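Here's the structure, in structure tokens; my notes come after.
Since the structure is predicted, the reported quantities are computational estimates derived from the model, not experimental observations. Both ligands and their constituent atoms are indexed starting at 1 by order of listing.
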Amino acid sequence: MDRNQVLSKLPKVGDLLDSERWAPLLARYSRIQVKAALEPVLNQYREQLQAGKGGIPAPDTLLHRVEANLDRLAKAGPAPALNATGVIIHTNLGRAPLAPAAREAALAAAAYCNLELDLASGERGSRHSHVETLLCRLTGAPAAMVVNNNAGAVLLALSTVARGGEAVISRGQLVEIGGSFRIPAVMAESGVRLVEVGTTNKTYIEDYRRAITDETRALVRVHPSNYRVVGFEHQVCLAALVELGRHKGLPVLDDLGSGILVDLSAWGIDEPTVQESVAAGAELVCFSGDKLLGGPQCGIMVGSEGSVAALKRHPLARALRCGKTTLAALSATLALYLKPEGWRQVPVLAMLTQPLDEVRERAERLAKLLHPLPLAIAIEENVSPVGGGALPLHRLETRVVRIDPGPLRAATLAAALRHGRPPLIARMQDDQLLLDLRTLADEEVEPAAAAVASALEVMGGE
Ligand SMILES: *Cc1c(COP(=O)(O)O)cnc(C)c1O
């Protein structure tokens with residue numbers, strides 16, 4: 001048979017789609033999509049045949065490939081994963097896991113909801129109103145507003161307060177948060193000229209004072225949330241910056257980053273609270289909703305009535321606004337903080353303060369469940385990084401289940417675990433796999449053990 005004869009044996013798209021065998025797939029996916037998934041598969045066979053390689057695929061091979069492709073597409077996610085990394089605020093795993101109350105609120109608000117309807121008057125309301133009072137009560141600020149994320153909040157705050165002018169900031173605070181978020185770049189985008197003062201390790205109030213000109217519109221402080229300068233260092237405290245600002249008629253913008261609402265110093269967590277920034281007199285305080293606050297992705301700004309009103313009027317406010325499910329989840333998360341010790345129901349803070357005994361208990365349960373598998377298992381002491389650009393120096397004692405995969409490579413097992421349903425994301429250390437029990441909930445211990453068992457099965461089957 002010559003090449004053209006072989007090629008002509010390749011099934012035709014139309015024939016396949018009209019065949020009885022393909023009917024069930026066409027009941028699940030539209031004809032256009034089945035065709036779009038099939039054509040590249042057929043092209044691949046055609047190219048191989050033209051190159052004199054391969055043969056004609058069995059009819060069901062085509063069907064299964066197309067079906068698998070469409071099923072993958074239909075489950076593109078993001079979908080739940082088991083976090084055994086120990087990194088509490090893991091940006092790649094969606095940062096803060098929401099409290100059950102916040103998940104329920106988001107789901108309920110996904111239907112019609114009173115997003116911008118004032119139920120009392122029947123008139124148009126404001127989407128900001130749902131969380132503004134809560135934020136004011138919790139932080140002590142007179143006004144508040146929420147946007148899509150904290151990068152957006154900083155952009156909006158700078159643009160509102162200082163556009164066209166200069167903002168003074170310490171060289172020790174020109175932070176990169178990750179990705180393309182660098183404070184100097186955000187300032188440039190907001191139309192504000194950056195005036196850097198001091199040095200990387202030391203900045204004094206005199207440095208700020210000397211930098212103030214007629215063009216100065218704001219003093220900016222950025223909390224070094226994801227790093228610390230230790231040793232020979234000095235930064236100006238917020239209160240002193242506010243005092244200088246008052247004297248010169250300039251507002252102080254405070255980017256707190258992580259935005260914690262409770263004082264957890266009793267747990268060794270040394271992080272400035274939002275309330276402290278408000279009390280110190282910052283004009284606007286910006287922070288993330290999904291770091292130490294433990295809510296959905298959003299950026300929160302609290303501050304003076306005048307400045308928050310200006311934020312709301314800014315054209316960027318519309319571009320940065322967040323949706324109803326976010327606002328509902330945030331509102332339900334904030335409501336937890338109204339209760340006595342309510343922060344304990346916020347998963348991020350619960351994990352951060354969970355006694356080691358409870359983590360160890362889970363490690364023991366997991367080790368027991370893994371015992372029958374052909375793996376060397378040990379429970380070990382380790383340290384969980386908090387992650388998410390928060391508390392970089394905090395050493396959180398934890399217990400991990402160490403898996404020595406023997407002749408299998410740890411990386412191979414880690415990859416098989418990532419391909420599971422749900423995926424289990426582990427930590428790698430010295431070609432061993434560590435499962436950190438600080439970030440696995442009680443009810444996730446069994447699914448985690450099942451995930452390891454099925455990963456081994458898949459690997460054994462290959
Ligand atoms: C994380 C962080 C940001 C950015 O917040 P997102 O919510 O990720 O947009 C900005 N500033 C500081 C200091 C941060 O830590």
Side-chain angles (χ1 to χ4, degrees), residues 87-98 131 135 144-162 167 169-190 192 194 196 203 218-229 235 238 241 252-261 269-274 276-277 282 284-303 311 316-317 319-323 326-327 329-330 333-334 348 352 385-394:
V87 181
I88 295 176
I89 305 172
H90 197 307
T91 298
N92 298 354
L93 294 179
R95 286 203 186 154
L98 297 181
V131 290
L135 283 167
M145 182 189 174
V146 180
V147 291
N148 217 6
N149 55 22
N150 190 35
V154 174
L155 178 71
L156 178 60
L158 275 168
S159 178
T160 302
V161 172
I169 184 171
S170 160
R171 287 206 167 82
Q173 298 174 0
L174 296 172
V175 181
E176 171 172 319
I177 305 303
S180 55
F181 187 85
R182 288 177 161 188
I183 288 292
V186 174
M187 292 183 87
E189 278 308 313
S190 60
V192 176
L194 175 72
E196 304 171 23
T203 305
L219 307 177
V220 176
R221 183 189 73 156
V222 179
H223 173 55
S225 45
N226 59 358
Y227 71 104
R228 294 286 186 273
V229 176
Q235 288 293 333
L238 188 61
L241 216 51
V252 174
L253 296 187
D254 188 25
D255 175 15
L256 268 182
S258 27
I260 199 163
L261 291 178
I269 290 153
D270 177 24
E271 185 72 9
T273 63
V274 178
E276 282 165 1
S277 287
L284 286 171
V285 184
C286 304
F287 52 99
S288 286
D290 55 351
K291 290 182 180 170
L292 291 170
L293 188 100
Q297 180 197 304
C298 61
I300 302 171
M301 293 159 287
V302 300
L311 294 173
L316 269 179
L320 295 171
R321 74 182 186 181
C322 49
T326 300
L327 288 167
L330 177 62
T333 305
L334 293 171
V348 162
L352 200 55
V386 176
L391 305 170
L393 297 185
H394 191 63

Could a heavy atom of Asp255 be found less than 4.0 Å from some atom of ligand 1?
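The answer is yes: ligand 1 sits under 4.0 Å from a heavy atom of Asp255.
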
4.0 Å heavy-atom contact, Gln297 with ligand 1
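No, Gln297 has no heavy atoms under 4.0 Å from ligand 1.
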
Restricting to non-hydrogen atoms, name the atom on Leu158 and the atom on Ser190 that form the minimum distance, rounded to 0.1 Å.
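The pair with the smallest heavy-atom distance is CB-OG, 3.5 Å.
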
Considering all heavy atoms, the nearest Val131-Leu327 contact:
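That would be CG1-O, 3.9 Å.
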
For [X], atoms of ligand 1 separated by under 4.0 Å from a heavy atom:
X	value
Arg95	6 (P), 7 (O), 8 (O)
Ala151	4 (C), 5 (O), 6 (P), 9 (O)
His223	13 (C)
Ser288	5 (O), 6 (P), 7 (O)

Show, in sequence, the C-alpha distance, side-chain angles and deciding distance for Leu174 and Leu194, and conclude whether the side chain to side chain contact (heavy atoms under 4.5 Å, CB included) test is met.
CA-CA 10 Å; Leu174 296 172; Leu194 175 72; 4.0 Å; yes

Would you give the length of the straight line joining atom CZ of Arg321 to atom CG of Leu316, rounded to the nearest 0.5 angstrom?
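Going from the CZ atom of Arg321 to the CG atom of Leu316 covers 13.5 Å.
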
How many angstroms lie between atom CD1 of Ile300 and atom CG of Asp290, to the nearest 0.5 angstrom?
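Reported value, rounded in 0.5 Å steps: 9.0 Å.
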
Result of checking Val274, Val348, Leu293, Thr273 against Ile260 for side-chain contact (heavy atoms from CB on, under 4.5 Å)
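For Ile260, the side-chain contact (heavy atoms from CB on, under 4.5 Å) check succeeds only for Thr273.
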
Asp290 N/O to ligand 1 N/O under 3.5 Å
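Not met; the criterion fails.
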
